[in-house]
Amino acid sequence: MKLSHRITHLTGGGSDGWDVFYRSRQMISDGIDVTELTIGEHDIRTAPSILATMDAAARGGHTGYASVPGIPSLRDQVAARVQERTGVLTTRDNVVITPGGQAALFAAHAAVCDAGDTALYFDPYYATYPGTIRGVGATARAVQARAENAFQPKAADVDAAAEDAVSLLINTPNNPTGVVYSQDTLKEIAEVCRRRDLWLISDEVYDTQVWEGEHISPRALPAMADRTLVVGSMSKSHAMTGSRCGWIVGPQEAVEHLINLSTHTTYGVPGYIQDAAEYALKQGCDLEQEIAAPFRTRRAVAQQILARQNLLGLVPAQGAMYLMLDVRATGMTGEEFANALLDAHRIAVMPGESFGQAATGHIRVALTVDDTKFAAAMEKLCDFAAQCAAMRRTA
Ligand code: PMP
């Protein structure tokens, strides 16, 4: 039977740099000890107190259909968090709870793109972005955020690609680069959005993981609240990846339609998960900082180790749970380096090529194993790069 073009063409096809990831997963299932610095998942689990709240809520009967927009008290809690951190007036009417940030990204694009519309996103990009856009029937158009600009996107490049586009998707702190967009970058992008009448979909799932500079939500910039949909999630901030709880914050009219979309797609998020999310958010910044702390430490460890060499270039590591390293001085592509590293040392990293074209010749290192193991892996990675470069010189 014929399947829709939309679903069969969701992903790009061809080699997309994920081979090394699947190879490392295969090695692990074959019993080989691999240090996995690939995907963005904490090495800790959800805090016991959050689980206790979830358990009590489920046992207390919150297991039926929950309110589709999200339970009012969680929507209030998200609104309060956003208002406190951005200064933008936000009420529950600006919030819809979704099953994670990914569902929010899909819903946000469904809300602003008609079939055949063009939606912009930056390359390098989080793996699902183009597929999410194609999933709503829109055309995904990449705008390069270049390595020579330390992966800060340029408003002029957005402008050049904006003809006939309806939206722009951004992500700061950024996966995969670890870059935090500066105030100037965001102001200039916001100006293009206003001038070109674009919706801005702002993926802020790493907003609690900022090591340098500050996280600025573009919804707080002048005249942006009416054209910005902010995607948030409990996954990264509270180590709740498996709970599937996130949200969209945006203009009331958009939220009303998004709630209607939820009625026709997800039918909301389990009540006991929402109760746990509300409890977790009520713990405030202290819990968030506690969860972010190991990444901050490992980033510092990596900086110290990398400072002893000058072969691998570190892209400014300002936020999120990743480091992006420039491996071009080894003479290898990111894909070649990642594959060779896996074979030589059983260390798995993601090639930059798996995040588009702009991060070719780079690798992404996730800060997601314990400190000792992480330091050892970074040492080996640097030594390996030096060996590769030396071999190249004598070849
Ligand atoms: N956006 C970015 C940039 C991500 O890295 C991720 C997860 N890795 C998500 C969204 C989706 O996260 P979740 O659905 O778990 O909230």
Side-chain angles (χ1 to χ4, degrees), residues 25 28 33-67 70-82 84-85 92 95 97-104 173 175 204-211 215 231-247 266 268-301 319-322 366-375 377:
R25 281 288 152 105
I28 292 167
D33 183 18
V34 176
T35 304
E36 261 211 313
L37 307 174
T38 50
I39 58 169
E41 179 132 45
H42 316 67
D43 49 321
I44 54 156
R45 301 286 84 186
T46 305
S49 60
I50 299 176
L51 294 179
T53 309
M54 207 182 280
D55 181 64
R59 287 176 196 281
H62 211 170
T63 52
Y65 291 125
S67 163
I71 55 172
S73 50
L74 177 58
R75 292 171 78 200
D76 286 345
Q77 193 63 41
V78 171
R81 180 185 195 259
V82 169
E84 192 184 300
R85 294 178 189 195
R92 77 169 68 147
V95 181
I97 305 299
T98 62
Q102 182 56 48
N175 176 12
E204 303 182 20
V205 303
Y206 293 101
D207 64 346
T208 62
Q209 300 177 0
V210 181
W211 328 126
H215 169 65
V231 169
S233 171
M234 298 302 290
S235 289
K236 313 291 177 177
S237 56
H238 293 82
M240 289 178 72
T241 47
S243 290
R244 314 309 305 135
C245 189
W247 55 80
T266 61
V269 174
Y272 52 93
I273 299 284
Q274 296 194 60
D275 285 339
E278 182 187 338
Y279 163 84
L281 289 176
K282 279 194 173 139
Q283 306 313 302
C285 292
D286 288 353
L287 178 59
E288 294 174 357
Q289 289 312 310
E290 197 181 308
I291 290 163
F295 305 123
R296 185 190 288 276
T297 307
R298 291 168 201 159
R299 165 197 178 256
V301 165
M321 48 173 82
Y322 315 97
L367 306 167
T368 48
V369 296
D370 77 63
D371 300 1
T372 317
K373 215 173 166 187
F374 179 74

Hey, what's the ring geometry for Tyr322 with Tyr206, parallel, tilted or perpendicular (30° and 60° as the breaks)? perpendicular
Where at least one partner belongs to residues 49-58, residue pairs that pass salt bridge (charged side-chain N to carboxylate O under 4.0 Å, His left out), sequence neighbours excluded: Asp55-Arg59
Give me the atom names and distance for the closest heavy-atom approach of [X] to [Y].
| X | Y | answer |
| --- | --- | --- |
| Val231 | Gly101 | CG1-O, 3.6 Å |
| Ala377 | Thr35 | CB-CG2, 4.0 Å |
| Pro99 | Val269 | N-CG2, 3.4 Å |
| Ala104 | Thr98 | CB-OG1, 3.5 Å |
| Leu367 | Phe374 | CD2-CZ, 3.4 Å |
| Thr46 | Ala239 | OG1-O, 2.7 Å |

Is there a side-chain contact between [X] and [Y] (heavy atoms, below 4.5 Å)?
| X | Y | answer |
| --- | --- | --- |
| Ile28 | Glu36 | yes |
| Thr53 | Tyr272 | no |
| Met54 | Ile273 | yes |
| Leu74 | Cys245 | yes |
| Arg298 | Asp43 | yes |
| Ile97 | Gln274 | yes |
| His42 | Phe295 | yes |
| Ile39 | Met321 | no |

Ignoring hydrogens and geometry beyond distance, is a side-chain donor-acceptor pair present between His62 and Asp275 at under 3.5 Å? yes
Among side-chain atoms of Tyr279 and Ser49, is any donor-acceptor pair under 3.5 angstrom? yes
Is the backbone N or O of [Y] less than 3.5 Å from a side-chain atom of [X], with the two atoms forming a donor-acceptor pair by type?
| X | Y | answer |
| --- | --- | --- |
| Trp211 | Ala320 | yes |
| Thr241 | Ser235 | no |
| Lys236 | Gly40 | yes |

Between Arg85 and Glu288, is the closest basic N to carboxylate O distance under 4.0 Å? yes
From CA spacing to verdict: side-chain contact (heavy atoms from CB on, under 4.5 Å), Ile291, Thr208: CA-CA 9 Å; Ile291 290 163; Thr208 62; over 6 Å; no
CG (Leu51) and OG (Ser243) are apart, to the nearest 0.5 Å, by 7.5 Å
Applying salt bridge (Lys or Arg N to Asp or Glu O under 4.0 Å) to Arg92 and not counting sequence neighbours gives Asp76
How would you list, by chain and number, every residue that makes a side-chain hydrogen bond (donor to acceptor under 3.5 Å, both in side chains) with [X], sequence neighbours excluded?
| X | result |
| --- | --- |
| Gln102 | Thr128, Thr132 |
| Ser73 | Glu278 |
| Lys373 | none |

Test side-chain contact (heavy atoms from CB on, under 4.5 Å) on Arg244 and Thr266; report intermediate values, then the result. CA-CA 12 Å; Arg244 314 309 305 135; Thr266 61; over 6 Å; no
For Ala280, the side chain to side chain contact (heavy atoms under 4.5 Å, CB included) test, sequence neighbours excluded, returns Ile50, Met234, His238, Met240
